[in-house]
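Report on the following structure.
The figures here come from the full heavy-atom set of this structure, side chains too, leaving out hydrogens, waters and symmetry mates. Proteins get letters first, then strands, A, B, ... in listed order; numbering begins at 1 in each.
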Amino acid sequence: YGRCGSMTHACSMFKELPKRDVITWNSMITVYVKKGLSRDALKLYGEMLHDGIKPDEATYVNLLDACSSPTLLSEGKKLHDDLKVWGFDSHILVGTSLMNMYSRCGSWQQARDVFDNLTRRDVVSWNVMIDCCAQHQQSTDALQLFTDMQSDGVFPNKVTFLNVLQACSDDTRVSDGNHIHDLIVINSLESDVVIATALVTMYGKCGCLGDAWKLFSMIPDKNLVSWNTMVAGYIHEGCMEMALGLFEQMQLEGAMPN
RNA sequence: GUGGCUACAUU
């Protein structure tokens, strides 16, 4: 019911259950989190504890996802304290969720601290840390992490490239961006529409409109985001006639502006 | 039966 968008049905089912275990509580918490109802999710966690149900790793992975803006940093920290009591901080999914929480709450140094203390790191842990650095203007660190993960024997995936491209999205990083582009080609990912659009964004923000256009024009299945990206690239460089021209063209080609 | 990163505006 939650996945189908019916909060009402999910809630009444949950309430009517004669017995609730950790999985039913987790499921209900997830419904609230995915709906963006962070405070309600956290309230449910309080009730769960009050009912004497012991949370597990999944409980915290879900709840940490609810703490995704600086106003919820204190809640995220409380969860961090709680899960330490159970010894869940060494769990890789919990650790990665903690990093993500700190990153989205604006506390990138804390995210780094969790990352440095992880006993095991998989591709998602590296991706989250790279994204964290990219989001907080730490592009040198992001690129260093990209190198380090490979020295550590972890292969970059599509998300890794998306994240590291964001770290190359300014005019001081053109050569890094070119290098990442080469690696994307080597990994045969350049035909992916999401990757191709991320490359258009990167070149646009670097001021390389020629490269951005070349990639954009080769996308066979252009969607609204691809068009928006190319329009934004022109605007970024002050090419207003080109931007407006593309705005007309996208509509001729059936893309509805949002 | 429940759990982590996923391209476009502004920053």
Side-chain angles (χ1 to χ4, degrees), chain A residues 1-3 10 13-14 17 19-34 41 44 48 53 55-70 83 88 91-101 103-104 106 111 114-115 118 120-137 145 149 154 156-166 169-170 184 189-190 192-205 212 215-216 219 221-236 243 246 250 255 257-258:
Chain A
Y1 280 125
R3 282 184 190 152
M13 282 305 299
F14 179 74
L17 286 174
K19 241 179 134 164
R20 299 179 196 117
D21 64 6
V22 61
I23 296 183
T24 38
W25 280 98
N26 289 352
S27 303
M28 195 62 231
I29 287 171
T30 306
V31 172
Y32 280 117
V33 175
K34 301 280 186 235
L44 212 57
M48 170 183 182
I53 303 294
D56 65 7
E57 293 91 334
T59 314
Y60 291 104
V61 169
N62 285 317
L63 285 167
L64 287 165
D65 205 33
C67 306
S68 55
S69 65
L83 67 88
F88 294 156
H91 188 278
I92 188 164
L93 298 206
V94 174
T96 305
S97 301
L98 275 169
M99 290 162 52
N100 215 6
M101 179 277 289
S103 175
R104 289 181 307 205
V114 173
F115 177 78
L118 285 180
R120 196 168 72 83
R121 299 182 185 123
D122 64 8
V123 65
V124 180
S125 331
W126 287 97
N127 288 351
V128 171
M129 198 60 235
I130 289 170
D131 177 63
C132 175
C133 293
Q135 298 304 325
H136 296 89
Q137 280 62 256
L145 286 160
M149 74 182 279
V154 178
N157 64 12
K158 183 177 148 176
V159 179
T160 318
F161 286 115
L162 294 175
N163 292 347
V164 79
L165 277 177
Q166 305 206 30
S169 292
D170 76 86
I184 286 170
L189 284 169
E190 82 280 14
D192 181 287
V193 63
V194 176
I195 288 280
T197 305
L199 282 165
V200 173
T201 304
M202 186 275 290
Y203 281 121
K205 289 188 174 168
L215 279 153
F216 172 76
I219 299 176
D221 45 348
K222 294 181 187 60
N223 60 26
L224 180 58
V225 176
S226 330
W227 286 102
N228 285 348
T229 303
M230 196 60 233
V231 170
Y234 281 125
I235 293 173
H236 187 83
L246 210 62
M250 70 184 275
N258 64 2

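- A 4.5 Å side-chain heavy-atom check between A:Leu83 and A:His91 finds every atom pair outside the cut-off.
- Residue-level contact check: A:Thr59 touches neither bases nor backbone, having no heavy atom under 4.0 Å from any strand.
- If you walk RNA chain B from 5' to 3' and mark each nucleotide with an atom closer than 4.0 Å to a heavy atom of chain A, the marks span B:G1 to B:A9.
- Across all strands, A:Thr229 comes closer than 4.0 Å only to sugar-phosphate atoms, never to a base (heavy-atom distances).
- Residue A:Val128 is in sugar-phosphate contact alone, with no base atom involved, counting any heavy-atom pair closer than 4.0 Å across all strands shown.
- Contacts of A:Ala58 with the nucleic acid, taken as non-hydrogen atoms under 4.0 Å apart, include base atoms.
- Residue A:Asn163 is classed as a sugar-phosphate contact, given heavy-atom separations below 4.0 Å to backbone atoms only.
- Using a 4.0 Å heavy-atom distance criterion, A:Lys205 is classed as a sugar-phosphate-only contact.
- When heavy atoms are screened at a 4.0 angstrom cut-off, A:Ser226 is found touching no nucleic acid atom at all.
- Among the protein residues, A:Arg3 comes within range of the sugar-phosphate backbone only, with heavy atoms under 4.0 Å from sugar or phosphate atoms but none that close to a base.
- The salt bridge (Lys or Arg N to Asp or Glu O under 4.0 Å) search around A:Asp56 returns none, not counting sequence neighbours.
- Nowhere does RNA chain B pair in an unbroken run of 3 or more (Watson-Crick or G-U, both distances under 3.5 Å).
- In this structure, A:Asp21 reaches the bases: a heavy-atom distance under 4.0 Å links it to at least one base atom across the strands shown.
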